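Structure first, commentary second.
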Amino acid sequence: MKFIKTMAFMALFLTCNLFFAQDRPGRDKIKALKVAFITERIGLTSGEAQQFWPIYNEHEKVMEDLRITERTEIRAKLRNLDAVSGNEANKLLERFLNLEAEKQAENEKFIKKVNELLAAKKTILLLKAEEDFKRELIKRYRQNRGGQ
């Protein structure tokens, strides 16, 4: 069941990611909105922000690289799943699990770094702010799509 939830979340996230990756100015705008949203939500001081954002941006870069790797190595092959042998499917699944483990390790490393910089409460507020921002982004996307 956890695997199914993970796959469903990944599909949703990759879809949103692909949608926003197509329009770079829109993507930059979303990033700026996210920075403002997170800064306000967790109440970063200017000193904290100077130390926090380089760590956050590096984490985002690593996670984006992992998502790109996943799309190129796994998702591309799933388009023609009928041509994938059982052995290849096992290798794809193993690669998927390895990428998931890398993402988990990166998230743990990031949270530990942030927690060394910020109070634990602000670290938790960061996690909540990221989820709230994603929800708001999806909500606005659906509203805009429905209004067209």
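Remember, predicted model here, so these are calculated numbers, not experimental data.
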Worksheet item: Would a hydrophobic clustering, with Ile, Leu, Val, Met, Phe, Trp and Tyr connected at side-chain separations under 4.5 Å, put Leu127 with Leu44?
Response: yes

Discussion item. When you compare the side chain of Lys139 with that of Arg135, does any pair of heavy atoms fall below 4.5 Å?
Written reply: no

Worksheet item: Is a side-chain N or O of Asn107 found less than 3.5 angstrom from the main chain of Lys103, in a donor-acceptor match?
Response: yes

Worksheet item: Is the shortest distance from a Lys or Arg side-chain nitrogen in Arg142 or Glu136 to a carboxylate oxygen in the other one below 4.0 Å?
Response: no

Discussion item. On a heavy-atom basis, which atom in Ala49 and which in Pro54 lie closest, and how many Å separate them?
Written reply: O-CD, 4.2 Å

Worksheet item: Using 4.0 Å as the upper bound for N to carboxylate O, is an ion pair formed by Glu131 and Lys128?
Response: no

Discussion item. Checking the side chain of Thr72 only, and the main-chain atoms of Thr69 only, is there a donor and an acceptor separated by less than 3.5 Å?
Written reply: yes

Item to complete: Would you check, one step at a time, whether the test salt bridge (charged side-chain N to carboxylate O under 4.0 Å, His left out) holds for Glu64 with Arg71?
Response: CA-CA 10 Å; Glu64 179 63 17; Arg71 280 193 305 269; 3.7 Å; yes

Worksheet item: If two hydrophobic side chains count as joined below 4.5 Å and joins carry through other members, does Leu33 share a cluster with Leu137?
Response: yes

Discussion item. Show, in sequence, the C-alpha distance, side-chain angles and deciding distance for Ile30 and Phe133, and conclude whether the side chain to side chain contact (heavy atoms under 4.5 Å, CB included) test is met.
Written reply: CA-CA 10 Å; Ile30 290 169; Phe133 185 80; 4.0 Å; yes

Discussion item. I'd like to know if Asp28 pairs up with Lys31 as an ion pair, taking the criterion as any Lys NZ or Arg NE/NH1/NH2 lying under 4.0 Å from an Asp or Glu carboxylate oxygen.
Written reply: no

Fill in: Salt bridge present between Arg95 and Glu100 (N-O < 4.0 angstrom)
no

Practice prompt. Give, for atom CD of Glu70 and atom CG of Leu99, the distance between the pair rounded to the nearest 0.5 Å.
Written response: 6.0 Å

Worksheet, complete the sentence: Residues at least two apart in sequence or cross-chain that pass side chain to side chain donor-acceptor pair (under 3.5 Å) with Lys122, listed by chain then number, are Glu48

Fill in: Where Ala129 and Ile38 come nearest, the two heavy atoms and their spacing
CB-CG1, 4.3 Å

Worksheet item: Got a salt bridge between Lys109 and Glu106, using NZ or NE/NH1/NH2 to carboxylate O under 4.0 Å?
Response: yes

Worksheet entry | Donor-acceptor under 3.5 Å (Glu108 side chain, Ala105 main chain) | no

Item to complete: Please determine if Arg67 and Glu102 form a salt bridge, counting it only when a charged side-chain N lies under 4.0 Å from a carboxylate O.
Response: no

Worksheet item: For Phe110 and Tyr56, which heavy atoms make the closest approach, and how far apart are they?
Response: CZ-CD1, 3.5 Å

Practice prompt. Indicate if Trp53 and Ile111 have the same hydrophobic cluster label, given that clusters are the connected sets of ILVMFWY residues with side-chain heavy-atom separations under 4.5 angstrom.
Written response: yes

Practice prompt. Check whether Leu125 and Leu118 end up in the same hydrophobic cluster, where Ile, Leu, Val, Met, Phe, Trp and Tyr are linked by side-chain heavy atoms less than 4.5 Å apart.
Written response: yes

Worksheet item: Closest heavy-atom contact between Ile42 and Leu126?
Response: CG2-N, 3.3 Å

Worksheet item: In Å and rounded to the nearest 0.5 Å, what is the CD1 to NZ distance from Ile138 to Lys134?
Response: 8.5 Å

Worksheet item: Going by an N to O cut-off under 4.0 Å, is there a salt bridge joining Glu116 and Lys113?
Response: no

Response to the item:
When rounded to the nearest 0.5 Å, the distance separating NZ of Lys91 from OG of Ser85 is 8.0 Å

Worksheet entry | Heavy-atom pair of closest approach, residues Phe52 and Val114 | CE1-CG2, 4.0 Å

Worksheet item: Is there a path of hydrophobic side-chain contacts, each under 4.5 Å between heavy atoms of I, L, V, M, F, W or Y residues, that connects Leu66 with Ile55?
Response: no

Fill in: Atom pair CG (Leu92) and CD (Glu88), whose distance is rounded to the nearest 0.5 Å
7.0 Å

